[in-house]
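Just so you know, these numbers come straight off a predicted model, no measurement behind them. The basis for the numbers below is simple: all heavy atoms, side chains too, and nothing from hydrogens, waters or symmetry mates.
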Amino acid sequence: MDAPHLDSPLDPTHDGAEPLGWGVVGPGSIAERVVPDIARLPDARLIAVSSRSPERARAFADRHGFRHAHGDTAGRTGLEALAADPEVDVVYVASPHGYHHTHVSTLLKAGKHVVCEKALAITAREVEDLIRIAGAQGVLLMEAVWTAMTPGFRRAMHLVADGAIGTVHGVTGSIGFNIPPDPGHRLFAPEDGGGVTLDMLVYPLLWSDPVQGEILSRSVLGHLGPTEVDDDLAVQLRREHGWAQLSATLTRVPTTGIALSGTHGWLRADGRLHNPPRLEVMTTDRLQAGGEPLVEEITVIGAGYVPQFREATRCIRQGLTESPFVPWELSRVRARLFDDIRADIGLRLPHDEQQAR
């Protein structure tokens, strides 16, 4: 897989263009965290939110300052109403994974640009279909792998590209937390695409992809919890350049973070590997001299999602249908890998069963 386009600009152009009108699908906890960062963009207008529940849509719109609230009625769904809203240019989709294909395809066919929470869809076939529609419509489709655009991740990739730790041969990382199984929560619901593969693995994997090349083989250990989704996962990948050992969990408290080990040193991002506020770099020279790691503190704006929406704005302004930070090929490759991992651990989701018929 190609290295990220580190020098691509993130700031939107302000060449006198009208502000973009934003819509939101899925006014849940994720949208509650993310939407304030959309509002930070100087050329963004919060136009509309959709939900199956008119009351929920209205409450979310009032809290965040959206002009319109679309809920299901006897005549049409809230999603259909938002897709038909002429003031909406681009939509942030924050619904559970199991709804992504339906929601995103409806919006793309209506000519809306889309930034969709990861995973873009549950299966590789669904991902391919969304890419096909976006290409035919000539609109932006971007999987919201926001870490790829955070300043901490970009700085880490710059350091690696500049040879700060030599050639990377090892990546180790883990992410997760321990929460009681709840069949009503999207993380545990098979119909929502629950489980750690689709929801969490993307983060540690992102640190390995651009520096280690293609996956040559894999070894996977997974545990299916009481709701029959994967609640604990460990993946070891043999890649063109070394190994990656990655894990994600809903059953324990891991030592979260990521570490890249190279021929001339190591780089570590502790804690929030999805939006690192701090990087540590230890070179061979410093290690041999008994020195301490070099530390870089990273400034994070808002909740950290601002760069992602700056990038979406830039792409739309420039007529791009995909972002170099999260290109369609990345979404394709990830979806195929996640299909394979689910097969390895015996996880069958309703979308898998539907496509097998």
For a salt bridge (charged side-chain N to carboxylate O under 4.0 Å, His left out) check, start with the C-alpha distance between R268 and D270, then their side-chain angles and the critical distance, and finish with the verdict.
CA-CA 6 Å; R268 182 168 61 206; D270 286 334; 3.4 Å; yes
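- R155 and E296 are joined by a salt bridge, as a carboxylate oxygen and a charged side-chain nitrogen come within less than 4.0 angstrom of each other.
- For D344, the side-chain hydrogen bond (donor to acceptor under 3.5 Å, both in side chains) partners are R218, not counting sequence neighbours.
- In this structure, a donor-acceptor pair under 3.5 Å is present between the side chains of R239 and S208.
- When atom types are taken as modelled, the side chain of T147 and the backbone of H274 share a donor-acceptor pair closer than 3.5 angstrom.
- A centroid separation of less than 6.0 Å is found between the aromatic rings of H97 and H100.
- The line from CG of D230 to CD1 of I345 is 4.0 Å long, rounded to the nearest 0.5 Å.
- Proximity of the aromatic rings of W22 and F66 is defined here by a centroid distance below 6.0 angstrom, and this criterion is not met.
- In this structure, a donor-acceptor pair under 3.5 Å is present between the side chains of H68 and E87.
- Rounding to the nearest 0.5 Å gives a distance of 7.5 Å between SG of C116 and CG of L130.
- In summary, the side chains of S51 and S53 do not present any donor paired with an acceptor at a separation below 3.5 Å, with no hydrogens or angles considered.
- Counting only N and O atoms by type, the side chains of D339 and T123 include no donor and acceptor under 3.5 Å apart.
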Passes side-chain contact (heavy atoms from CB on, under 4.5 Å), H64 versus E32? Steps please.
CA-CA 9 Å; H64 294 282; E32 290 283 356; 2.8 Å; yes
Report the C-alpha distance between V114 and V93 in whole Å, list the side-chain angles of each, state the deciding distance to 0.1 Å, and finish with yes or no for side-chain contact (heavy atoms from CB on, under 4.5 Å).
CA-CA 7 Å; V114 174; V93 174; 3.9 Å; yes
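- Residues L41 and D37 approach most closely at CD1-O, 3.5 Å, considering heavy atoms.
- The list of salt bridge (Lys or Arg N to Asp or Glu O under 4.0 Å) pairs with a residue in residues 127-149, not counting sequence neighbours, reads E128-R332, D129-R132.
- A donor-acceptor contact shorter than 3.5 Å links the side chain of K118 to the backbone of D199.
- Under 3.5 Å, the side chains of S323 and E311 contain a donor-acceptor pair of N or O atoms.
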If you apply the rule side-chain contact (heavy atoms from CB on, under 4.5 Å), what do you find for T321 with L140, and how did you get there?
CA-CA 4 Å; T321 56; L140 175 72; 5.7 Å; no
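- Relative orientation of the F309 and Y92 rings is perpendicular, given thresholds of 30° and 60° on the angle between their planes.
- A salt bridge is defined here as a Lys NZ or Arg NE, NH1 or NH2 lying under 4.0 Å from an Asp or Glu carboxylate O, and K112 with D89 fails to meet this definition.
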Are L237 and Q212 close enough, and set up right, to give a side-chain contact (heavy atoms from CB on, under 4.5 Å), and what steps lead you there?
CA-CA 10 Å; L237 304 174; Q212 292 193 287; over 6 Å; no
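- The number of heavy atoms from other shown groups lying within 6.0 Å of CZ (R52) does not exceed 12.
- For T284 (side chain) and H264 (main-chain N/O), a donor-acceptor pair under 3.5 Å exists by modelled atom type.
- H70 pairs by the side-chain hydrogen bond (donor to acceptor under 3.5 Å, both in side chains) definition with D85, not counting sequence neighbours.
- In terms of modelled atom types and a separation under 3.5 Å, the side chain of R286 and the main chain of E292 share a donor-acceptor contact.
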For side-chain hydrogen bond (donor to acceptor under 3.5 Å, both in side chains), just list the numbers for D232 and T249, CA-CA rounded to whole Å, side-chain angles, deciding distance to a tenth of an Å, and then say yes or no.
CA-CA 4 Å; D232 208 357; T249 186; 3.1 Å; yes
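- Ring planes of W146 and Y203: perpendicular class, angle over 60° (limits at 30 and 60°).
- A side-chain N or O of H103 and one of S95 form a donor-acceptor pair less than 3.5 Å apart.
- A distance of 10.5 Å separates OG1 in T313 from CD in Q308, rounded to the nearest 0.5 Å.
- In terms of heavy-atom proximity, P204 sits nearest to I175 at CD-CG2, 4.0 Å.
- Side-chain atoms of W207 do not come within 3.5 Å of backbone N or O of A156 as any donor-acceptor pair.
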